[in-house]
Peer 1: 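First the structure, which I've put down as structure tokens, then a few questions once you've had a look.
Hydrogens, waters and symmetry mates are skipped; everything else that's a heavy atom, side chains included, is used. Lettering follows sequence order; numbering is per chain, from 1.
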There are 2 protein chains.
Amino acid sequence: MPGRSQRKFVAPLNQPPLADFKVGVDNVIFSVDTAQNRLLVLLVMRQQEPFLNHWSLPGTLVRQGESLEDAAYRILSEKIRAKNLYLEQLYTFGGPQRDPREASDSYGVRYLSVSYFALVRFEEAELIADRMTGIAWYPVKQVPQLAFDHNEILAYGHRRLRNKLEYSPVAFEVLPEMFTLNDLYQLYTTVLGENFSDYSNFRARLLKLGFLCDTGIKVSRGAGRPASLYRFDAEAFAPFKDKPLVFI
Amino acid sequence: MPGRSQRKFVAPLNQPPLADFKVGVDNVIFSVDTAQNRLLVLLVMRQQEPFLNHWSLPGTLVRQGESLEDAAYRILSEKIRAKNLYLEQLYTFGGPQRDPREASDSYGVRYLSVSYFALVRFEEAELIADRMTGIAWYPVKQVPQLAFDHNEILAYGHRRLRNKLEYSPVAFEVLPEMFTLNDLYQLYTTVLGENFSDYSNFRARLLKLGFLCDTGIKVSRGAGRPASLYRFDAEAFAPFKDKPLVFI
DNA sequence: GCAAAAGTGTTTAGAGTACACCCATGT
DNA sequence: ACATGGGTGTACTCTAAACACTTTTGC
């Protein structure tokens with residue numbers, strides 16, 4: 001690497017120049033179709049090269065004056081109208097050659113992707129189908145080959161979702177205001193798999209914790225005894241906040 | 001935002017231009033001084049503006065052709081010689097105005113920091129004191145005001161370290177090949193605090209899991225009965241890999 | 001009445017906790 | 001011998017897991 005010289009206080013001697021980056025934000029947006037017990041992820045059809053006409057995670061490049069999180073929310077609001085959602089940063093993928101544009105296009109510009117993970121209520125999330133934009137909820141078990149390294153990002157997001165469910169109350173951000181304990185249980189089983197807990201034990205443990213309050217309202221779903229609607233009490237949950245509590 | 005026009009397939013109409021980024025990598029490098037029971041973090045004195053002569057996390061800007069992880073390892077190898085280490089990505093901090101250079105310098109270039117978290121063996125980690133570079137292990141309880149948002153990054157890293165210890169075998173990456181159960185216990189107490197577990201219970205639980213093998217070798221540390229040296233058996237640990245096992 | 005869904009209770013095995021106590025060494 | 005740190009065992013509590021059972025609805 002010797003033989004190159006630069007200005008003294010800008011960069012040390014004999015070192016390759018700094019990379020210039022464009023920064024993208026890609027969102028892994030999950031929702032749970034409680035009716036069909038399926039975990040869904042939002043995919044969009046790319047309208048431009050590279051990977052024209054491939055499915056991909058919804059993403060965008062960060063603009064001037066915009067924070068990473070702003071960009072993540074911007075994508076979300078361009079694709080869906082959702083009242084309640086949970087969003088957090090996932091991981092940053094930034095190896096060279098992860099984006100084909102690096103090779104052809106421009107002068108050594110690198111593309112880096114900061115991925116975000118989001119969870120929205122399926123029933124309230126209204127997809128914004130701007131003219132001829134392919135956009136759809138896909139069952140995570142049936143996602144096709146995606147653009148870039150998006151399959152990898154999705155897998156990472158899925159793992160994070162499972163962990164989050166186990167020790168944080170994200171589920172309540174994504175259920176309606178009032179829900180039955182079975183709704184909650186279904187949500188957990190669709191994300192975590194069938195064998196995570198017996199319903200009656202799940203029920204007992206959760207009720208004992210005391211942050212679910214019975215509204216007294218009953219709903220009937222076809223045959224069978226009507227179920228109570230419960231509400232998540234954020235205040236009663238507060239003591240468990242940020243504790244290593246595993247409540248499932 | 002209307003009134004601006006661009007080429008049709010490069011950027012959509014009427015939108016502010018993309019931000020250009022330099023990407024930095026900052027490392028939160030921990031080690032545990034088992035002799036004095038202190039958790040240490042590696043800090044360096046900045047040799048240049050901004051924040052000249054302030055302590056900061058060791059960091060660097062990513063160069064052309066270099067992956068993020070490469071950059072993280074490069075910093076590490078410039079500062080310390082360590083045989084064994086654990087490294088993983090932490091979080092990406094990227095709001096505008098997080099770096100003073102954004103305002104003065106250049107043309108709207110943004111500085112984004114991808115932080116990495118590392119754990120090294122204190123005894124084997126040899127600091128590389130290149131001429132007049134301030135570099136030192138600081139007890140995390142006594143770190144001063146740092147440059148940029150590095151105090152925040154450090155706090156984040158500290159939280160991650162505590163979590164990691166509880167459900168993954170990082171401790172063994174940072175202990176010598178052979179160690180006494182007391183060494184291990186001290187490591188946990190210095191990171192997690194005094195009240196996480198009684199020694200004898202800690203001991204019993206860990207031995208029952210069966211991935212620590214007694215080498216039979218005894219070491220004497222002053223007065224008292226000599227302790228057995230144990231070795232971490234990675235194969236025996238394998239079944240617990242990636243499971244939600246909390247073994248402390 | 002009977003099936004289906006909701007909700008309650010009981011039994012048991014094992015984990016977590018708090019200790020008390022024995023063991024081997026240096027001085 | 002006795003202080004010091006290493007190591008073992010026990011008794012008690014609490015939770016997790018499995019599953020049997022009761023209640024309330026639709027048909």
Peer 1: Considering just the side-chain nitrogens and oxygens of B:R203, establish if one lies under 4.0 Å of OP1 or OP2 belonging to D:dT8.
Peer 2: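 Answer yes for this pair, as a side-chain N or O of B:R203 is under 4.0 Å from OP1 or OP2.
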Peer 1: So for A:N182 and C:dA5, does any side-chain atom that can act as donor or acceptor lie under 3.5 Å from a complementary atom in the base?
Peer 2: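 Check fails, no donor-acceptor contact within cut-off.
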Peer 1: Which comes earlier along DNA chain D counting from the 5' end, the contact point of A:A223 or that of B:G224, where each point is its nearest nucleotide?
Peer 2: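 Of the two residues, B:G224 wins.
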Peer 1: Please check the phosphate of D:dT24 (OP1 and OP2 only) for any side-chain N or O of A:K218 closer than 4.0 Å.
Peer 2: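 Result: no.
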Peer 1: Among C:dA6, C:dA15, C:dT25, which nucleotide has an atom closest to any side-chain atom of A:Y199?
Peer 2: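 That would be C:dA6.
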Peer 1: Please determine, for the side chain of A:A227, which listed nucleotide (D:dT4, C:dG7, D:dT15) has the closest atom?
Peer 2: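 Of all the options, the side chain of A:A227 is nearest to C:dG7.
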Peer 1: Does OP1 or OP2 of C:dC23 have a side-chain N or O of B:R225 closer than 4.0 Å?
Peer 2: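 The answer is no; no side-chain N or O of B:R225 sits under 4.0 Å from OP1 or OP2.
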Peer 1: From the set D:dT25, C:dT25, C:dA18, return the single nucleotide nearest to any side-chain atom of B:P226.
Peer 2: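 That would be C:dT25.
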Peer 1: Whole angstroms only, please: what is the CG-P distance between A:L206 and C:dT8?
Peer 2: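 Those two atoms, CG and P, are 14 Å apart.
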Peer 1: Could you tell me whether A:F172 and A:F179 have their ring centroids closer than 6.0 angstrom?
Peer 2: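 Yes, they do, as the ring centres are separated by less than 6.0 Å.
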Peer 1: Over how many whole Å does the gap from A:Q186 atom CD to C:dA5 atom C1' extend?
Peer 2: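 It works out to 11 Å between those atoms.
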Peer 1: Answer with yes or no after comparing the ring centroid distance for A:F93 and A:Y91 against a 6.0 Å cut-off, counting only values under it.
Peer 2: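 Yes - the distance between ring centres of A:F93 and A:Y91 falls below the 6.0 Å cut-off.
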Peer 1: B:F30 vs B:H158 aromatic rings, parallel, tilted or perpendicular, using cut-offs 30° and 60°?
Peer 2: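 Ring orientation, 0 to 90° scale: tilted.
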Peer 1: Under 4.0 Å: is that the gap between some side-chain N or O of B:R221 and OP1 or OP2 of D:dG5?
Peer 2: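 Indeed not, no polar side-chain atom of B:R221 lies that close.
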Peer 1: Would you check if the distance from the ring center of A:Y185 to the ring center of A:Y188 is below 6.0 Å?
Peer 2: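 No, too far apart.
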Peer 1: Looking only at side-chain atoms of B:S228, point me to the closest of D:dG7, C:dT17, D:dA18.
Peer 2: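 Closest of the options to the side chain of B:S228: D:dG7.
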